Asker: 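Provided herewith is a single structure, encoded as structure tokens, for subsequent inquiry.
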Amino acid sequence: MGFAEQRFTVNLSILFTELPLLERPAAAAAAGFTAVELWWPWVDSPTPERAELDALRKAIEGAGVRLTGLNFYAGQLPGPDRGALSVPGAESERFRANIDVAAGFARTLGCRSLNALYGNRVDGVDPAEQDALALENLVRAAEAADRNGAALLIEALNEPESPRYPLVSAPAAVAVVDKVNETSGLGNARFLMDLYHLSMNGEDLPSVIERYAAKTGHVQIADNPGRGAPGTGSLPLEDLLDQLHKAGYDGWVGLEYKAGASPSAEAFGWLPVEQRAAR
């Protein structure tokens, strides 16, 4: 199977970033893709003006692509932040203000996956206090996602690049998934399995897939080392995606890699054009 039968979605917050935000959906479509995903695009505002939301919605609809995933507000990303929901004070309040805005925007585009980054540890704050706040906010996010018929995604990042982020292994992220489902009673929290981040942590990827495919709501890929396109590093991504498929995962595979020095449109040579449109 390999790459041939996967449902790929392009992350427009890391690819096509040489273009203005509103031009990226059309650029992805011109490259042959029919599905896109996004980090929260307005890093300084969890509650942008309606006109900004409408403009992005129209750009996505006008390009004829589907929005398959959206992050909740996560602070400065890319940048020093790794989420807001476990950070006491203003950042947590920003996350809460964003919940209905992000969920509402996703609903207008039929987006069924909302990703909530946990947030960094804060000096001088008891980790248990942060975890209690995180659980409260994640349950709120799960409830908002559930009203859309959507999944709430919880992601493990990698410790070398995110040393203050507490969820730096698949078991750590899945434990939070389980806790949110237990507390909310909704069962819509799912693991976001990013194969690049897990490989950076030195995890046994075939074992992770075997253990957690059934709890996985979304997969993202980039090669390692370098976080580049498949084939630029040493990860056996085709084999890993095959294993995921055999384990029952039939969801989207997000392309969340760096294009390098070339324009993003040139970063898809590993995937024939006829295999880019979602099936």
Side-chain angles (χ1 to χ4, degrees), residues 6-13 25 28 33-42 46-48 50 53-54 56-61 63 65-74 77 83-86 94-119 134-156 167 173-174 176-194 212-220 244 248-256 278-279:
Q6 302 295 337
R7 293 197 297 157
F8 291 110
T9 181
V10 180
N11 190 299
L12 297 182
S13 297
F33 293 96
T34 56
V36 299
E37 62 183 20
L38 283 163
W39 303 340
W40 183 248
W42 299 277
T47 55
R50 172 57 58 185
L53 293 162
D54 287 345
L56 180 55
R57 176 180 54 79
K58 290 176 182 176
I60 292 169
E61 291 175 335
V65 295
R66 175 179 176 182
L67 182 67
T68 59
L70 178 68
N71 282 18
F72 287 106
Y73 170 80
L77 186 74
L85 62 91
S86 68
R94 283 172 172 254
F95 177 82
R96 291 184 183 186
N98 175 251
I99 289 174
D100 286 341
V101 177
F105 180 76
R107 183 173 57 250
T108 66
L109 289 162
C111 175
R112 295 290 181 263
S113 294
L114 290 158
N115 184 29
L117 287 173
Y118 200 84
L135 181 59
E136 180 181 347
N137 283 334
L138 284 167
V139 168
R140 292 185 183 206
E143 291 169 346
D146 185 66
R147 291 192 289 271
N148 286 11
L152 172 70
L153 302 176
I154 297 171
E155 181 175 9
L167 308 185
V174 171
V176 174
V177 167
D178 290 343
K179 188 66 173 178
V180 172
N181 284 333
E182 177 187 349
T183 304
S184 72
L186 297 171
N188 67 330
R190 307 283 285 168
F191 176 42
L192 195 167
M193 185 186 291
D194 186 309
Y212 300 123
K215 295 186 177 185
T216 297
H218 186 47
V219 171
Q220 291 175 330
L244 271 160
Y249 180 76
D250 61 357
W252 297 97
V253 175
L255 304 181
E256 197 186 51
R279 292 159 177 79

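Remember, it's a predicted structure, so these values are computed and weren't measured experimentally.
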Asker: For Ala189 versus Asn181, what's the shortest heavy-atom pair and its separation?
Answerer: N-OD1, 2.9 Å
Asker: State the CG-CG distance between Leu70 and Leu38, to the nearest 0.5 angstrom.
Answerer: 6.5 Å
Asker: Name all residues meeting the side chain to side chain contact (heavy atoms under 4.5 Å, CB included) criterion together with Ala134; count only those two or more places apart in sequence or in a different chain, and write none if there are none.
Answerer: Leu85, Ser86, Tyr118
Asker: With rounding to the nearest 0.5 angstrom, report the CD1 to CG distance, Ile154 to Leu114.
Answerer: 12.0 Å
Asker: Hey, mind stepping through Trp42 and Asn98 against side-chain contact (heavy atoms from CB on, under 4.5 Å) and telling me if it holds?
Answerer: CA-CA 11 Å; Trp42 299 277; Asn98 175 251; over 6 Å; no
Asker: Tell me every residue that passes salt bridge (charged side-chain N to carboxylate O under 4.0 Å, His left out) with Arg7, counting only those two or more places apart in sequence or in another chain.
Answerer: none
Asker: If I take atom CZ from residue Phe72 and atom CG from residue Leu138, how far apart are they, to the nearest 0.5 angstrom?
Answerer: 9.0 Å
Asker: Only pairs at least two apart or in different chains count here, so list each salt bridge (Lys or Arg N to Asp or Glu O under 4.0 Å) that has a residue in residues 100-109.
Answerer: Asp100-Arg147
Asker: Given side chains that start at C-beta, do those of Pro25 and Leu12 come closer than 4.5 Å, heavy atoms only?
Answerer: yes
Asker: Over all heavy atoms of both residues, which pair between Phe95 and Ala84 is shortest? Give the atoms and the distance, please.
Answerer: CB-CB, 4.3 Å
Asker: Can you name the closest pair of heavy atoms from Ala103 and Asn148 and give their distance?
Answerer: O-ND2, 2.7 Å
Asker: Compare all side-chain heavy atoms of Arg66 with those of Thr34 and state whether any distance is below 4.5 angstrom.
Answerer: no
Asker: Does Asp194 have any side chain to side chain contact (heavy atoms under 4.5 Å, CB included) partners at least two apart in sequence or in another chain, and if so, which?
Answerer: Glu155, Leu192, Tyr196, His197, Gln220, Glu256
Asker: Main chain of Ser13, side chain of Asn11: is a donor-acceptor contact present, judged purely on distance under 3.5 Å?
Answerer: yes
Asker: What distance do Trp40 atom CH2 and Asn115 atom CG have between them, rounded to the nearest 0.5 Å?
Answerer: 13.5 Å
Asker: With sequence neighbours left out, write down each residue that passes side-chain hydrogen bond (donor to acceptor under 3.5 Å, both in side chains) with Ser113, or none if nothing qualifies.
Answerer: none
Asker: For Lys215, what residues pass the salt bridge (charged side-chain N to carboxylate O under 4.0 Å, His left out) criterion, not counting sequence neighbours?
Answerer: Asp178
Asker: Partners of Phe33 by ring pair (Phe, Tyr, Trp, His ring centres under 6.0 Å), sequence neighbours excluded?
Answerer: Phe268
Asker: What pairs meet the side-chain hydrogen bond (donor to acceptor under 3.5 Å, both in side chains) rule with one or both residues in residues 183-193, with sequence neighbours excluded?
Answerer: none
Asker: Would His218 and Thr9 count as a side-chain contact (heavy atoms from CB on, under 4.5 Å) if you check the C-alpha gap in whole Å, the side-chain angles of each, and the deciding distance to 0.1 Å?
Answerer: CA-CA 11 Å; His218 186 47; Thr9 181; 4.1 Å; yes
Asker: Nearest 0.5 Å please: distance from the OG1 atom of Thr47 over to the CD1 atom of Ile99.
Answerer: 13.0 Å
Asker: What pairs with Arg94 under side chain to side chain contact (heavy atoms under 4.5 Å, CB included), at least two apart in sequence or on another chain?
Answerer: Pro46, Tyr73, Glu91
Asker: Going by ring pair (Phe, Tyr, Trp, His ring centres under 6.0 Å), name the residues that satisfy it together with Phe8, two or more places apart in sequence or in a different chain.
Answerer: Trp270
Asker: Sequence neighbours excluded, which residues qualify as side chain to side chain contact (heavy atoms under 4.5 Å, CB included) partners of Arg96?
Answerer: Ser92, Glu93, Leu133, Glu136, Asn137, Arg140
Asker: Within the structure provided, determine whether Asn71 and Glu37 are in side-chain contact (heavy-atom separation under 4.5 Å).
Answerer: no
Asker: Find the distance between CG (Leu153) and CZ (Arg112) and round it off to the nearest 0.5 Å.
Answerer: 13.5 Å
Asker: Does the side chain of Trp252 reach to within under 4.5 Å of the side chain of Val219, using non-hydrogen atoms?
Answerer: no
Asker: Which heavy-atom pair separates Ala74 from Leu117 by the least distance, and what is that distance?
Answerer: CB-CD1, 4.0 Å
